[in-house]
Amino acid sequence: MLKLEGIASFVATAQEGSMSAAARRLQLSKSVISERLADLESALGAPLFHRTTRKLSLTEDGAAFLERALRILREVDEAAAELGERRGRLTGPMRLSAGVAFGHLHLGPALYPFLRKHPGISLTLELDDRQVDASAEGFDAVIRHGAIADSRLVAWTLASSRRCLVASPAYLRRQGRPKSLDDLGRHRAVYYLNRGAADWRFEDVRSDAFQRPPAALRVNNGDMMLDATLAGLGLALLPTFIAGPALAAGSLVEVQIGEAAAPESIYVAHPEGRRASAKLRALVDCLRKSFGNPPYWETGTAPLRP
């Protein structure tokens, strides 16, 4: 007989890449995970993993079973959540992915009162700047800044996001202040590695209409982009949710070149074909109220904590 606990252990091991990591995630011992996987493989009559001394990898049968196993666990979670909703309670696990800088600066402070209000929700939040595959990696939703890169996601806007060209006063004294797009090629820049130089987009300006500065630094983290810009390495195109405090303090200066950066948004997205749960809808409402419209990082006001 297939046991739900064995399926959950299999999914966690497949997603984490090892039984040790799965044990930490499920707060169990490695021996319990190993025993559950053995029982599951015995019940299925097929090995699910290739085992070596260094790593685990899915067998062909394991890869085929993983898709169904994810669906089974999702259906059970949703069924339990629906029962809770009938009693006026939001319950069950929820797994989110969000960018590091936004998660630390703005998402976390908005989430904490939400979780206090709904103690039945068990949230797992993974901060990572890479583009995750929400469906394959088992996320209920992802929270990101910018354009939606995956057409398999259904997205809701949480807040608008303005980006601005910034530099430190020391850099501008040393290198001069650019006044137009044509001046940018004579400067250096700090680029967001996950997007590259093509990320420098301006409203009503063709992508090939100007020369982007050579890179002083490429890095895949917004906080380090801010630090590098403060250190005077070059110009950076940063969202105000990161650069706002430094701009207000005068440690960064907004550089006006006669063109505004292309507008973006903060969005939450869930895999297509999956019904948005009541707890995800409640979280979206909470975040929208907390961030405001326009968002508090633009207006300089305190966030609203529902």
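If you're wondering where the values come from, they're calculated on a predicted model, not measured in any experiment.
- Atom CD of Glu67 has 12 or fewer heavy atoms from other residues, nucleotides or ligands within 6.0 Å.
- The pair Glu203-Arg162 does not meet the salt-bridge criterion, since no charged nitrogen lies less than 4.0 angstrom from a carboxylate oxygen.
- In this view, Glu35 satisfies the salt bridge (charged side-chain N to carboxylate O under 4.0 Å, His left out) rule with no residue, not counting sequence neighbours.
- Checked for salt-bridge contact, Glu254 and Arg163 miss the test: no charged N lies under 4.0 Å from a carboxylate O.
- By the 4.5 Å side-chain criterion applied to Ile, Leu, Val, Met, Phe, Trp and Tyr, Tyr191 is assigned to a cluster that also includes Leu165, Tyr171, Leu172, Leu181, Leu184, Trp200, Phe202, Val205, Phe210, Leu235, Leu237, Val253, Val255, Ile257.
- Every residue was checked against the salt bridge (charged side-chain N to carboxylate O under 4.0 Å, His left out) condition with Arg218, not counting sequence neighbours, and none meets it.
- Remark: Ser29 engages Ser31, Val32 in a side chain to side chain contact (heavy atoms under 4.5 Å, CB included) (not counting sequence neighbours).
- Just one of Glu298, Glu264, His145 meets the side-chain hydrogen bond (donor to acceptor under 3.5 Å, both in side chains) condition when paired with Ser161; it is His145.
- In terms of the salt bridge (charged side-chain N to carboxylate O under 4.0 Å, His left out) criterion, residue partners of Asp183 (sequence neighbours excluded) are, by chain and number, Arg186.
- Heavy atoms from other residues, nucleotides or ligands lying under 6.0 Å from CZ of Arg174 number more than 12.
- Other residues, nucleotides and ligands contribute more than 12 heavy atoms inside 6.0 Å of the CD atom of Glu5.
- The distance between the ring centers of His270 and Phe139 does not fall below 6.0 angstrom.
- Phe65 meets the ring-ring contact (aromatic ring centres under 6.0 Å, His included) test with Phe10; sequence neighbours excluded.
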